[in-house]
Structures are given as structure tokens and as C-alpha cells.
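These notes are about the structure you will find just below.
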Amino acid sequence: MRQQAVRGVVRVNHSCHSVGFRRPYDAVFSYRSRFNQVMASGKSHQHSAEISRTLPKEEFYVNEIEVKKSKFVATAWHVGSAEEAMALIDRSKDVSASHNCFAYRIGGDCRASDDGEPSHTAGSPILRVIEGMNLDNVAVMVTRYFGGTKLGTGGLVRAYSSAARELLQQTPLVECKHVVEMTVKVPVDAIGIAFSVLDSLGAVKKSEIFDESGGNTFNITFAVDAEKENDALQQLKNGSRGRIVLVSE
């Protein structure tokens with residue numbers, strides 16, 4: 001579904017990143033403690049001393065430029081995985097447009113697509129903008145509506161680069177945070193307590209698996225800001241009277 005093309009950056013709320021813990025049945029939390037910098041790895045050599053930045057969650061941003069009557073509509077998202085990036089891109093692309101070119105960077109995982117434009121004239125320039133600004137966990141799609149004038153390879157590189165850069169330079173950016181990924185084992189009757197604690201700490205659920213060998217328990221993996229790791233473990237332990245336990249690797 002194509003977003004309306006507009007001049008000037010538009011911020012739009014969405015709920016794609018909201019992962020709540022309130023579910024009718026529930027889960028057990030299994031913590032596999034694994035430190036992990038959400039935006040670490042793969043830093044641009046041009047900005048190796050800088051802290052990586054990303055877009056705020058829960059929102060996406062849209063901006064349009066025009067080059068020789070062709071319109072280039074850029075859209076950017078914060079993404080947590082390649083699967084999430086592709087889901088957002090596939091849902092937002094305009095099949096009636098000439099091209100829907102994109103790039104994303106998630107740690108060391110990068111991908112770029114020219115979507116029918118000459119090789120390395122669209123997706124790669126978008127990716128270079130992302131890397132050059134030292135951004136991580138970011139996906140950008142630039143949709144082109146052909147205006148009747150061919151731009152040539154150099155013109156395409158400049159146009160796609162400009163569309164991505166103009167959008168990202170106008171969006172609010174935040175520093176990347178370190179997160180801890182954990183798995184905990186939670187008895188069914190302590191699920192409400194676990195969900196309440198994790199919701200209050202802004203944790204993001206990664207997986208939820210029923211533990212057939214554990215007897216009415218679930219193993220749940222979630223991510224939480226590193227500075228909240230101790231609080232999460234302590235509150236889960238206290239709230240469940242020691243029944244919610246960390247699962248080792």
C-alpha cells in the first residue's frame with residue numbers, strides 16, 4: 001500500500017514494533033542471557049568513533065523529491081530484523097510505480113535492491129547513505145515514479161542518494177542502546193506477573209515456547225535494555241516468589 005507522497009518529512013505512527021505480553025494464554029519466560037548491542041557491528045569506516053544511531057520505534061518517515069519530472073518518494077523505518085524490514089517494505093511498496101528500491105542495515109546484516117534499475121544505481125546508493133550516517137537497524141525504500149526523462153546511471157545514483165539522504169537528515173535520530181536477550185521459565189499461574197513486569201520495563205518478546213518437559217510452563221525469550229536487566233530478574237523473582245527462573249544457555 002503506497003503512502004501519500006508529500007513534500008517535507010512526515011512522521012507517521014504505527015504499531016508494527018509493539019509487542020505486548022498480554023495474551024489470553026500465557027507464557028513462561030526463559031532467559032537466555034546474551035549481551036548484544038542492537039546497533040553494534042558493521043560500523044562505517046567514516047564514522048568508526050561515533051555511536052551508531054537509529055530511528056525511533058513506532059513511527060516511519062516519508063519525504064518526496066523531484067528530479068527531471070521523476071518523483072522519488074523515500075520512506076524510512078526502524079527495524080529489528082531482516083524479516084521485519086522486508087515485511088514493512090513489501091506492505092508499503094507501490095506496485096504501480098516504476099521502481100521500489102530499498103536498502104537496510106541491521107548490525108552486520110545489509111541488503112540492497114535496485115528493483116529493475118541499472119545495477120548499483122539505486123539500492124547501493126541508499127545503503128551507502130545509511131552507512132555514511134552511521135545508522136543501524138534502519139530500512140529505507142525509495143519509490144520512483146518515472147517522469148519521462150532518463151537520468152543515466154550517474155543521475156540515478158545522485159537521485160536515489162539524495163532522496164534517502166534528505167529524508168534521513170530531517171528525521172529525529174536516537175543513539176542505539178545495548179540490550180540483553182534472556183529466556184526465563186514461567187509457570188502458567190505466574191504469567192500475569194511476568195507480563196506485568198516485562199510490560200513495565202518496555203521489554204520486547206522474541207519467542208514463546210511451551211515446555212512440555214517442564215509441566216505447565218513456558219520458555220519465553222525477550223529483549224530488554226541492558227541497564228534494566230537486573231531490575232527485570234529481581235522483579236520477576238520477587239513477584240513470583242522465586243518460581244520464575246532464568247534458563248541457562
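A quick note: this is a predicted structure, and the numbers were derived from the prediction, not measured. Each residue takes its place number in the sequence, starting with 1.
Take Arg111 and apply the salt bridge (Lys or Arg N to Asp or Glu O under 4.0 Å) test, not counting sequence neighbours, and it matches no residue. Residues satisfying the ring-ring contact (aromatic ring centres under 6.0 Å, His included) criterion with Phe146, sequence neighbours excluded, are absent altogether. With sequence neighbours excluded, the residues satisfying side chain to side chain donor-acceptor pair (under 3.5 Å) with Gln234 are Asn238. Not counting sequence neighbours, Asp114 has no partner by the salt bridge (Lys or Arg N to Asp or Glu O under 4.0 Å) test.
Residues Asp136 and Ser52 come closest through the heavy atom pair CB-CB, 4.4 Å.
Side-chain contact of Asn137 with Tyr104: a donor-acceptor pair under 3.5 Å is absent, judged by distance alone. Side-chain N/O atoms of Asn100 and Thr143 include a donor and acceptor closer than 3.5 Å. Side-chain contact check for Ser113 and Asp115: no donor-acceptor pair (N or O, by modelled atom type) lies under 3.5 Å.
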For this session: Please assess Leu88 against Val79 for the test side chain to side chain contact (heavy atoms under 4.5 Å, CB included), listing each intermediate value before the final yes or no.
Result: CA-CA 9 Å; Leu88 288 167; Val79 291; 3.7 Å; yes
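For residues 142-157, the pairs satisfying salt bridge (Lys or Arg N to Asp or Glu O under 4.0 Å) are Glu117-Arg144, with sequence neighbours left out.
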Using a 3.5 Å cut-off and no angle test, enumerate the donor-acceptor pairs between side-chain atoms of residues 119-130 and protein atoms at least two apart in sequence or in another chain.
residue	atom	partner	partner atom	Å
His120	ND1	Ser124	OG	3.3
Thr121	OG1	Pro118	O	2.6

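Each of Leu55, Leu168, Thr75 was scored for a side chain to side chain contact (heavy atoms under 4.5 Å, CB included) with Val140, with one residue passing: Leu168.
Side-chain contact between Val62 and Val73 is present, with at least one heavy-atom pair separated by less than 4.5 Å.
A side-chain donor-acceptor contact under 3.5 Å links Gln170 to the backbone of Glu166.
Taking the six-membered ring for Trp and thresholds of 30 and 60 degrees, Phe60 and Trp77 have ring planes inclined between 30 and 60 degrees apart.
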